[in-house]
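The structure appears below as structure tokens.
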Amino acid sequence: MIFIEPETETSLQCPFQPFQSYIFSETPPVVYVASFVSDEEAQHLIQNSQQMFTPAYVYGSGNTQIDTTSRKSHTAIPERDHVVRCIEQRARVNQHWEPGMTVEALSMQRYQENGFFRHHYDSFGEGFKKDRKSTLNVFLHANCTGGGTHFPYLRIPEDKRWCQYIDCESDQEGVTFKPIAGNALFWENIQADGTVWPETLHAGMPVLSGTKIGLNIWTWTKDRVM
Ligand SMILES: O=C(O)CCC(=O)C(=O)O
Ligand SMILES: [Fe+2]
């Protein structure tokens, strides 16, 4: 795991990005963020990482391997340039931040036709000293059918305005967030007592046609009290 150092470059000048946050759920905290990145930022990341994608691994207990029955996608860690630093900064200042928390190096996921990521938790669980406290999953490119992010234990809200972001036609249990380029979903994986929020189980559903590219921003807890 690569962690990035807190921003020390006081001269970091970032463009203003007028994103809008909508609280989806308070328990667990899930926030939908429209326009979290601009088109220019998404294009910059995609273009600069084109040659860097490699088949994605699945983390297991002790054996980290390529397992296309669990996950079929390619991953890339974009160069930590000005655009990446500004996105990190935006993610950092827009969440509950405690001393000792860190951000994992931003990673991109590319799914082509039939690509998917089976249901999983982003957090590692209570046996681990540190953990992924929150996930900010950004859709950078969504020129695809399928490919929503599915949470079987979340419930569709009654307010129909959510249907622009959620697949309200789906007959699957739970909630599927549609891939919409520029938009993001934030959720907390870990509760205040250090245990995992069970409702944060999720999957990247199969891409039926086209390509989806996502960006993961994982914030890690300070050490767990064990
Ligand atoms: O691509 C998605 O919709 C989900 C991705 C994901 O869950 C992950 O990369 O951990
Ligand atoms: Fe995930």
Side-chain angles (χ1 to χ4, degrees), residues 1-2 24-25 28-34 36-37 42 45-46 49 52-60 64-78 87 91 95 103-125 128 131-154 165-167 170 172 174-190 196-221:
M1 230 48 89
I2 306 165
F24 178 84
S25 152
V30 178
V31 181
Y32 191 87
V33 191
F36 183 73
V37 295
L45 285 170
I46 293 166
S49 307
M52 293 156 72
F53 281 96
T54 54
Y57 287 99
V58 172
Y59 297 103
T64 296
Q65 56 190 23
I66 298 170
D67 171 5
T68 52
T69 60
S70 297
R71 182 181 197 186
K72 199 165 161 233
S73 66
H74 284 74
T75 190
I77 297 199
I87 295 173
Q95 61 178 297
V103 174
E104 186 177 331
L106 271 48
S107 63
M108 294 165 67
Q109 307 296 327
R110 187 183 69 200
Y111 303 84
Q112 283 155 329
E113 204 173 295
N114 300 320
F116 70 99
F117 191 175
R118 61 135 172 77
H119 288 93
H120 65 277
Y121 290 104
D122 287 349
S123 46
F124 293 91
F128 289 79
D131 210 342
R132 287 178 175 154
K133 179 171 168 52
S134 66
T135 298
L136 185 62
N137 188 64
V138 188
F139 296 112
L140 292 178
H141 179 86
N143 204 351
C144 62
T145 57
T149 307
H150 178 235
F151 292 76
Y153 302 136
L154 295 181
Y165 303 130
I166 286 170
D167 182 357
S170 170
Q172 239 180 344
V175 174
T176 303
F177 291 91
K178 300 180 200 177
I180 302 175
N183 294 0
L185 191 65
F186 172 86
W187 68 87
E188 292 203 3
N189 297 299
I190 308 290
V196 174
W197 280 108
E199 299 89 342
T200 61
L201 185 77
H202 61 282
M205 297 308 282
V207 167
L208 304 177
S209 65
T211 302
K212 173 177 104 170
I213 301 176
L215 174 72
N216 276 317
I217 308 176
W218 282 303
T219 298
W220 284 66
T221 48

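As the structure lists them, so they are numbered: ligands from 1, and atoms in each ligand from 1. FYI, side chains are in, hydrogens and waters are out, and symmetry mates aren't considered; it's all heavy atoms of this structure.
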Fill in the blank from the handout: In terms of heavy-atom contacts, G182 and V138 come closest through O-CG1, 4.5 Å

Exercise for the section: Heavy-atom distances under 4.0 Å are what count here, so tell me which part of K212 touches ligand 1: side chain, backbone, both or neither. Expected result: side chain

Problem - Identity of the N, O or S atom of H202 lying closest to the Fe ion (ligand 2) - result: NE2

Exercise for the section: Please report which non-hydrogen protein atom sits nearest to atom 3 (O) of ligand 1, along with the residue it belongs to and the distance in Å to one decimal place. Expected result: T149 OG1, 2.5 Å

Handout entry: N/O separation below 3.5 Å, W218 to ligand 1
Key = no

Fill in the blank from the handout: The atom of D122 among N, O or S that is nearest the Fe ion (ligand 2) is OD1

Handout entry: Ring-face cation of K72 near F116 (centre distance under 6.0 Å, axis angle within 45°)
Key = no

Exercise for the section: Please verify whether a non-hydrogen atom of H120 lies at under 4.0 Å from ligand 1. Expected result: yes

Exercise for the section: Please determine if D122 has a nitrogen or oxygen closer than 3.5 Å to a nitrogen or oxygen of ligand 1. Expected result: yes

Handout entry: Non-hydrogen atom of Y111 closer than 4.0 Å to ligand 1
Key = yes

Completion exercise
Between M52 and P78, the two heavy atoms sitting closest are CE-CA, 4.1 Å

Exercise for the section: Could you tell me if any non-hydrogen atom of H150 lies under 4.0 Å from any atom of ligand 1? Expected result: no

Practice task
Please confirm whether the backbone N or O of W218 pairs with a side-chain atom of T135, one donor and one acceptor, at under 3.5 Å?
Solution key: no

Practice task
State whether the side chain of R110 and the backbone N or O of I213 hold a donor-acceptor pair below 3.5 Å, judged by distance alone.
Solution key: no

Practice task
Using a 4.0 Å heavy-atom threshold (strictly under), name the region of N216 that reaches ligand 1: side chain, backbone, both or neither.
Solution key: side chain

Practice task
Would you please classify the geometry between the Y32 ring and the Y165 ring as parallel, tilted or perpendicular, with 30° and 60° separating the classes?
Solution key: parallel

Completion exercise
Heavy-atom closest pair (A42 atom, V37 atom, distance to 0.1 Å) is CB-CG2, 4.4 Å

